[in-house]
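Structure first, then comments.
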Amino acid sequence: MVKPAKIHAEARSRTAMSKRTISSTTRVLDWPAELHRALKSHRVRQVSYVPDAGHKRLIELCHADGEMTVVPLTSEEEGIGLAAGAWLGGERAVLLMQSSGVGNCVNAFTLASNCSFPLLMFVTMRGEWGEFNPWQIPMGQATPDVLRLSGVCSLRLEQAHDARATAAAAAKLAFDGYASVAVLISQRLIGAKSFGEKP
């Protein structure tokens, strides 16, 4: 006969193990935190962005980071000029935007192309998985081709567990290869929105 004390001890052990597993899974699935860690490990000090619900947590993490200068933009192409200035000043930058903002950057991409400075961008995608807003669809669908035709290398982020590795690969390609690189963050990963959702 199994003693009650042993049964309770085994149950407590299983509960503790379950909590550790859940905690570990939660950490792995916190992909904005993984992106932030990758930026830190690649010495990114300047972050520019146009407010976007898909980037909300990453923006908050960057604002809370005392080693990062965070600059809100009025338009996405301003971030390309900031990235150029950061590089000239000996620092590394990242530009955060939504796929709709890629269209605003087409002329500014020539600055990065002609001057060959590193340009790292994280782009949250719209107009694909479960999109509710028809105005987001044309640019969302065109974003990969617009980037390619503008000389920007694209890496796709579909799964939360790939966030840090994908961001690190993009940063290495941009900063070591003096390249323009965009990480396209899948709408399936960020989640489809609705008009009633608060940013």
Side-chain angles (χ1 to χ4, degrees), residues 31-32 35 38-39 42 44 46-56 58-59 62 71-87 92-160 162-163 165-193 195 199:
W31 60 267
L35 296 181
L39 293 175
H42 285 271
V44 172
Q46 295 191 30
V47 180
S48 62
Y49 69 94
V50 171
D52 168 45
H55 279 308
K56 182 180 178 188
L58 178 55
I59 290 168
C62 293
V71 182
L73 308 170
T74 56
S75 185
E76 290 82 359
E77 68 267 30
E78 295 171 348
I80 296 175
L82 284 174
W87 186 251
R92 295 178 169 191
V94 66
L95 169 57
L96 311 180
M97 65 177 140
Q98 192 180 88
S99 55
S100 57
V102 171
N104 294 333
C105 295
V106 172
N107 285 331
F109 284 142
T110 60
L111 177 66
S113 177
N114 288 326
C115 297
S116 299
F117 64 87
L119 176 60
L120 177 62
M121 298 170 283
F122 289 171
V123 181
T124 52
M125 295 301 294
R126 295 290 302 273
E128 42 181 49
W129 182 270
E131 182 59 65
F132 75 98
N133 184 349
W135 293 94
Q136 292 282 1
I137 295 171
M139 192 62 226
Q141 291 294 305
T143 290
D145 288 332
V146 169
L147 291 169
R148 179 180 56 79
L149 292 170
S150 300
V152 178
C153 302
S154 295
L155 302 178
R156 183 95 178 167
L157 176 56
E158 298 275 358
Q159 302 290 331
D162 291 329
T166 302
K172 185 171 178 57
L173 182 57
F175 299 123
D176 292 351
Y178 294 83
S180 296
V181 183
V183 175
L184 305 184
I185 303 170
S186 161
Q187 189 168 12
R188 186 172 187 178
L189 177 57
I190 64 174
K193 298 192 229 178
F195 274 120

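All residue numbers in this chain count up from 1 along the given sequence. Just so you know, these numbers use all the heavy atoms, side chains as well, and skip hydrogens, waters and symmetry mates.
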Practice prompt. Start with the C-alpha distance between Val152 and Met121, add both sets of side-chain angles, then the distance that settles side-chain contact (heavy atoms from CB on, under 4.5 Å), and finish with yes or no.
Written response: CA-CA 10 Å; Val152 178; Met121 298 170 283; 3.7 Å; yes

Discussion item. Whether the side chain of Arg92 engages the backbone of His42 through a donor-acceptor N/O pair (distance < 3.5 Å, no angle test) should be reported.
Written reply: yes

Worksheet item: Is a side-chain N or O of His55 found less than 3.5 angstrom from the main chain of Phe122, in a donor-acceptor match?
Response: yes

Worksheet item: Would Ile190 and Trp31 satisfy side-chain contact (heavy atoms from CB on, under 4.5 Å), going step by step from the backbone distance to the final call?
Response: CA-CA 9 Å; Ile190 64 174; Trp31 60 267; 3.6 Å; yes

Worksheet item: Do Val102 and Met139 pass the side-chain contact (heavy atoms from CB on, under 4.5 Å) test, and can you show the C-alpha distance, the side-chain angles, and the key distance before you say yes or no?
Response: CA-CA 8 Å; Val102 171; Met139 192 62 226; 4.1 Å; yes

Practice prompt. Hey, can you tell me if Phe175 and Trp87 have their rings parallel, tilted or perpendicular (30° and 60° cut-offs)?
Written response: parallel

For the student: nearest non-hydrogen atoms of [X] and [Y], plus distance:
| X | Y | value |
| --- | --- | --- |
| Arg126 | Phe132 | NH2-CE2, 3.5 Å |
| Ala38 | Ala167 | CB-CB, 3.6 Å |
| Ala93 | Ala86 | CB-CB, 3.9 Å |
| Met125 | Pro144 | CE-CD, 4.5 Å |
| Ala163 | Leu35 | O-CD2, 3.6 Å |
| Cys153 | Leu173 | CB-CD2, 4.1 Å |

Discussion item. For Leu157, run the side-chain contact (heavy atoms from CB on, under 4.5 Å) check against Thr124, Leu184, Leu189 and tell me which one passes.
Written reply: Leu189

Return the [atom1] to [atom2] distance between [X] and [Y], rounded to the nearest 0.5 Å.
| X | Y | atom1 | atom2 | result |
| --- | --- | --- | --- | --- |
| Gln141 | Ser99 | CD | OG | 9.5 Å |
| Gln159 | Arg188 | CD | CZ | 7.5 Å |
| Ser100 | Glu76 | OG | CD | 6.0 Å |
| Gln46 | Leu120 | CD | CG | 13.0 Å |
| Ile59 | Asp52 | CD1 | CG | 6.5 Å |
| Met97 | Ile80 | CE | CD1 | 6.0 Å |

Worksheet item: When you look at Tyr49 and Leu58, which way does the side-chain contact (heavy atoms from CB on, under 4.5 Å) test go after all the steps?
Response: CA-CA 10 Å; Tyr49 69 94; Leu58 178 55; over 6 Å; no

Quick one: does [X]'s side chain get under 4.5 Å of [Y]'s, heavy atoms only?
| X | Y | value |
| --- | --- | --- |
| Arg148 | Ser154 | no |
| Leu147 | Phe109 | yes |
| Thr166 | Ile185 | no |

Worksheet item: Has Asp145 got more than 12 heavy atoms of other residues, nucleotides or ligands less than 6.0 Å from its CG?
Response: yes

